[in-house]
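Everything below concerns the one structure shown next.
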Amino acid sequence: MRRHCLGFGLIALSGTALAQPLSGPDQFPQFRNASGLPGGLFGVSADGRPTMLGAMTISTPIGYSLGHNHFALGFANMSKDRTLRFPQSRTNNDNANGTGFGMIGLTSRYGHVTLSGMVLSGIGDTTLNVQYQPNIPRLPKGLGVSFGVQDAFSSGGSAGVRRPEDGRTSRSFFGVATYEAAPGVHLSVGKGDRRFRGLFGSASVNLGKRVKVFVENDTFNTNYGIGWNVGPLKRREDEKYLLTSESDPYRGDVFLTLGIIRQSRAFWGVAVTF
């Protein structure tokens, strides 16, 4: 238990400013409730498979990339305060903003590659993300290293909808490592530029076969979440995949997430992995 507490303490990195606005120049508000990357709103194992015992976070990358032709669909919505909301009109994102994503993971002898697309708001602004986890044979078991770019074509904006500063580039490169300290316990740390311009980190811990808590520092603020694996869309009698991250989960798992962004804004999310 002491080790788990230490892991959560490590990601309480400096630079957290409660008074900091969530929109404005280089605040990347539309990327703060979902990363559109592996591990965002669903767990991923070191060998590239979706599982509740994998590393899980909110808006920061992890060192594990999705692979083996798995894919995921998800949606997250962040409110302006601690009240859970649904997205409102297509042009009004002041009270809540929704972000949708889809991704596919591919595997070769060189490692895992994840390609993902995001829809950032009701006006239809979209982005493309790429993440690569190289195959490093002598890497310790449970340790994964990935490199990638969020918004490869800089089409998402960095300030928020209807803000004049939103035209600045939102292309953000990153490198990140994740280590499985114990079954269901993962620690991640990374660095990049733009959206990931400082040191970021996350920790996630299973509270049971279906429940996981996680915390991250996204270089702006500290965010918290709890995830629940509802189970596969088509239920199976054998739930062995919930007990080991080395097993290939059944297709169609549903993950639900609730949390707090910037310690002040409620968000919820849902992801389905296949």
Side-chain angles (χ1 to χ4, degrees), residues 1-23 27-44 52-64 74-86 95-99 101 174 176 178-182 184-190 195-196 198-230 254-271:
M1 186 66 183
R2 185 176 302 173
R3 177 174 54 189
H4 297 177
C5 294
L6 176 61
F8 277 86
L10 288 175
I11 58 82
L13 307 174
S14 60
T16 305
L18 293 178
Q20 191 179 53
L22 196 59
S23 61
Q27 293 298 305
F28 302 90
Q30 293 165 290
F31 297 93
R32 301 278 285 272
N33 64 334
S35 65
L37 297 167
L41 308 185
F42 66 96
V44 177
M52 196 57 177
L53 278 186
M56 189 172 178
T57 185
I58 303 169
S59 66
T60 54
I62 63 171
Y64 304 157
F75 179 84
N77 190 72
M78 177 175 60
S79 303
K80 69 174 183 178
D81 50 30
R82 289 178 175 265
T83 300
L84 291 172
R85 291 185 171 87
F86 286 89
N95 291 327
N97 182 76
T99 301
F101 65 84
F174 63 86
V176 57
T178 295
Y179 178 65
E180 185 176 24
V185 180
H186 293 85
L187 307 174
S188 300
V189 64
R195 165 69 178 91
F196 309 112
L199 194 67
F200 61 84
S202 66
S204 59
V205 178
N206 273 73
L207 299 183
K209 293 187 296 185
R210 294 186 180 273
V211 179
K212 181 184 288 289
V213 294
F214 38 92
V215 57
E216 69 175 13
N217 187 289
D218 64 356
T219 78
F220 292 97
N221 300 105
T222 301
N223 311 316
Y224 310 92
I226 182 169
W228 175 38
N229 184 311
V230 179
V254 179
F255 298 79
L256 300 180
T257 304
L258 295 175
I260 295 290
I261 304 295
R262 204 189 65 166
Q263 304 179 46
S264 61
R265 297 187 176 222
F267 90 97
W268 60 269
V270 59

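Basis for what follows: all heavy atoms, side chains included, without hydrogens, waters or symmetry-related copies. Note that this is a predicted model, so its numbers are computed, not measured.
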Rounded to the nearest 0.5 angstrom, the OG1-CZ distance for T219 and F28 is 8.5 Å

Test R265 against K80 for side chain to side chain contact (heavy atoms under 4.5 Å, CB included), laying out the working first.
-> CA-CA 6 Å; R265 297 187 176 222; K80 69 174 183 178; 4.2 Å; yes

With distance as the sole test, does W268 use its side chain to make a donor-acceptor pair with the main-chain N or O of R85 at under 3.5 Å?
-> yes

Could you tell me whether the side chain of F267 reaches within less than 4.5 Å of the side chain of I58, counting heavy atoms only?
-> yes

Test item: N221 side-chain N/O and I261 main-chain N/O as donor-acceptor pair under 3.5 Å | no

Work out which heavy atom in S59 is nearest to a heavy atom in N33; give both atom names and the distance.
-> CB-N, 4.5 Å

Minimal heavy-atom distance between F214 and G227, with the atoms involved, is CE2-N, 3.5 Å

Between Y64 and H186, how do the two ring planes meet: parallel, tilted or perpendicular, split at 30° and 60°?
-> perpendicular

Where do T222 and V215 come nearest, in terms of heavy atoms and distance?
-> CG2-CG2, 3.7 Å

Just checking, is any N or O donor in the side chain of S264 or R262 under 3.5 Å from an acceptor N or O on the other one?
-> yes

Please round to the nearest 0.5 Å and tell me the distance separating atom CD1 of I226 and atom CD1 of I260.
-> 12.0 Å

Identify the heavy atoms of F101 and F75 that sit nearest to each other, and give their distance.
-> CE2-N, 4.2 Å

Kindly give the heavy-atom pair with the smallest separation between F196 and P61, and that separation in Å.
-> CE2-CD, 3.5 Å

Quick one: side-chain contact (heavy atoms from CB on, under 4.5 Å) partners of S35, sequence neighbours excluded?
-> L37, Q150

Here the pair of heavy atoms bringing L199 nearest to G190 is CD1-O, 3.3 Å

Please lay out, stage by stage, how F255 and L41 fare under the test side chain to side chain contact (heavy atoms under 4.5 Å, CB included).
-> CA-CA 7 Å; F255 298 79; L41 308 185; over 6 Å; no

Partner of R32 under side-chain hydrogen bond (donor to acceptor under 3.5 Å, both in side chains), picked from T99, N223, D218, is D218

Residues two or more places apart in sequence or in another chain: which of them pass side-chain contact (heavy atoms from CB on, under 4.5 Å) with L256?
-> W228, V230, V254, V270

Okay, side chain of K212, backbone of S204: is any donor-acceptor separation there less than 3.5 Å?
-> no

Can you tell me how far the CD atom of Q263 sits from the CZ atom of R82, to the nearest 0.5 Å?
-> 8.0 Å

T178 side chain to I62 backbone, donor-acceptor under 3.5 Å = no

Enter the distance from R210:CZ to M52:CE here, rounded to the nearest 0.5 Å.
-> 9.5 Å

Look only at the side chain of R195 and the backbone of T60, and say whether a donor-acceptor pair between them is shorter than 3.5 Å.
-> no

